[in-house]
Structures are given as structure tokens and as C-alpha cells.
Amino acid sequence: MKYWLVKSEPGAFSWDDLENAPTKTTHWDGVRNYQARNMMRDDMKQGDRVFFYHSNAEPTGIVGICEVVKDAYPDSSAFDAKDMHFDPKSTKAAPTWYMVDLRAVRRLPRVLTLAELKEVKSLGKMALLQRGSRLSVQPVTESEWNTVSALAEKPAARRAVGAK
DNA sequence: GCCAACGTTGGC
DNA sequence: GCCAACGTTGGC
């Protein structure tokens with residue numbers, strides 16, 4: 001089993017949206033980056049675990065855990081001329097873009113904010129925390145997964161004097 | 001709203 | 001194949 005992280009802007013699709021979806025499952029469509037596509041198409045498999053991250057949010061951070069319930073298959077939003085993610089170059093005979101199905105497993109006991117994750121030394125190499133990292137689908141190592149999961153069970157560390 | 005970082009496009 | 005211009009991402 002492998003581990004991943006996906007980003008979503010809660011204004012577009014939030015963790016709550018996922019929990020409220022039928023069977024708490026959604027098609028992870030609209031990915032239009034080749035690196036992210038390759039990971040979804042080639043390496044993401046049913047049963048893999050996925051952190052759900054809110055970007056462009058208040059706060060930004062990891063909010064929940066979901067599970068891959070269906071391996072990659074062609075992204076139908078690329079075929080729909082009315083869809084925001086329509087791509088005329090992607091055809092049903094030779095699809096350019098792929099999606100997986102994700103199901104919400106559980107909300108984390110608390111949000112792990114980007115600011116907090118940045119302060120954890122052992123997460124220094126985590127893809128999410130790399131300078132300029134913009135990939136919307138990222139690999140997470142097993143040790144990173146375990147570190148983040150354990151952190152979510154503890155109360156937030158006290159911030160510097162003056163912080164709220 | 002600003003802007004740095006990055007990916008893609010297209011002229012040459 | 002280079003690289004400038006442009007569009008997007010996403011933190012702040």
C-alpha cells in the first residue's frame with residue numbers, strides 16, 4: 001500500500017463536500033498536470049491512503065484521510081466541451097487525462113496546518129513542504145504518513161509567546 | 001491583491 | 001531546441 005496527498009481548494013471541492021457526497025466518494029477529475037497524471041495513472045492503486053489537503057484556505061492544511069477505491073481511468077471531464085477542464089486534444093480513443101475515485105475514510109482529529117508541518121524537522125523532505133511545490137497529487141513516504149498521523153492525535157503545540 | 005515559482009506555448 | 005511570454009498555483 002502506498003501513500004499520497006491531494007490538494008483541493010475548499011471553495012471548489014472541500015473535505016465536507018467529499019463527506020457529503022454519495023458513499024463519500026468522488027471522481028478526482030480535472031488534474032491537468034502530467035506529473036500528477038502519471039502518478040495517478042501508473043502508481044495510485046485501490047487501497048492506497050491519501051491525505052486530503054486544503055489549499056488557498058483558512059487555514060491551509062491537511063484535514064482528512066481518504067482511500068483510493070478505483071484505479072485510474074479516463075477523465076470524462078476532458079471530453080465535455082462545457083466542462084471547465086475540457087481538453088479537445090484528449091479523445092476517448094487516446095485519453096490524455098485520468099482520474100481515480102477517492103472515498104473519505106475519516107476526518108483528522110484536528111487540522112494539521114501548513115505552518116505546523118513546516119516546523120516538524122522529520123518532515124523536511126516532504127513534497128508538500130518543498131519550495132515552489134505545486135503538484136496537486138504528491139507521494140508521501142510511509143514515515144511521513146506515520147509522523148503526520150501521530151501528530152494529528154496530539155494537541156497542537158503551543159505557539160510562541162504572543163500567538164493566540 | 002501581490003507575487004514567486006513553475007508549466008506550457010509558440011516564434012524563431 | 002532555445003527561450004520569452006504567458007497562464008496558473010497557492011502562500012501570504
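Model, not experiment: these values are computed from the prediction. To find a chain, count down the sequence lines: A is the first, B the second, and so on, and within it residues start at 1.
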Distance in Å, A/Glu67 CD paired with A/Arg49 CZ, rounded so as to fall on 0.5 Å steps: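 Atom-to-atom, A/Glu67:CD and A/Arg49:CZ are 4.5 Å apart.
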
Nearest-0.5 Å distance that lies between atom CZ in A/Phe51 and atom CD in A/Gln138: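 The distance works out to 11.5 Å.
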
Check the side chains of A/Asn146 and A/Ser149 for a donor-acceptor pair under 3.5 angstrom, ignoring hydrogens and angles.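 No, no side-chain donor-acceptor contact under 3.5 Å.
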
Between the side chains of A/Ser77 and A/Asp75, is a donor N or O closer than 3.5 angstrom to an acceptor N or O?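 Checked: A/Ser77/A/Asp75 side chains pair up, N/O donor to acceptor below 3.5 Å.
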
So which pairs with a foot in residues 81-90 of chain A pass side-chain hydrogen bond (donor to acceptor under 3.5 Å, both in side chains), sequence neighbours left out? A/Asp87-A/Trp97

When you compare the protein's N or O atoms with those of nucleotides 7-11 of chain B, which come within less than 3.5 Å of each other, and at what distance?
residue, atom, partner, partner atom, Å
B/dG7, O4', A/Arg134, NH2, 3.4

Which residues within residues 51-66 of chain A lie with some heavy atom under 4.0 Å of an atom in DNA chain C? A/Tyr53, A/Ser55, A/Asn56, A/Thr60

Do A/Trp28 and A/Val68 have side-chain heavy atoms sitting under 4.5 Å apart?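 They are not in contact (no side-chain heavy atoms under 4.5 Å apart), so the answer is no.
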
Within the distance-only criterion (no hydrogens, no angle test), does the side chain of A/Asp71 pair as donor or acceptor with the backbone N or O of A/Lys45 below 3.5 angstrom? no

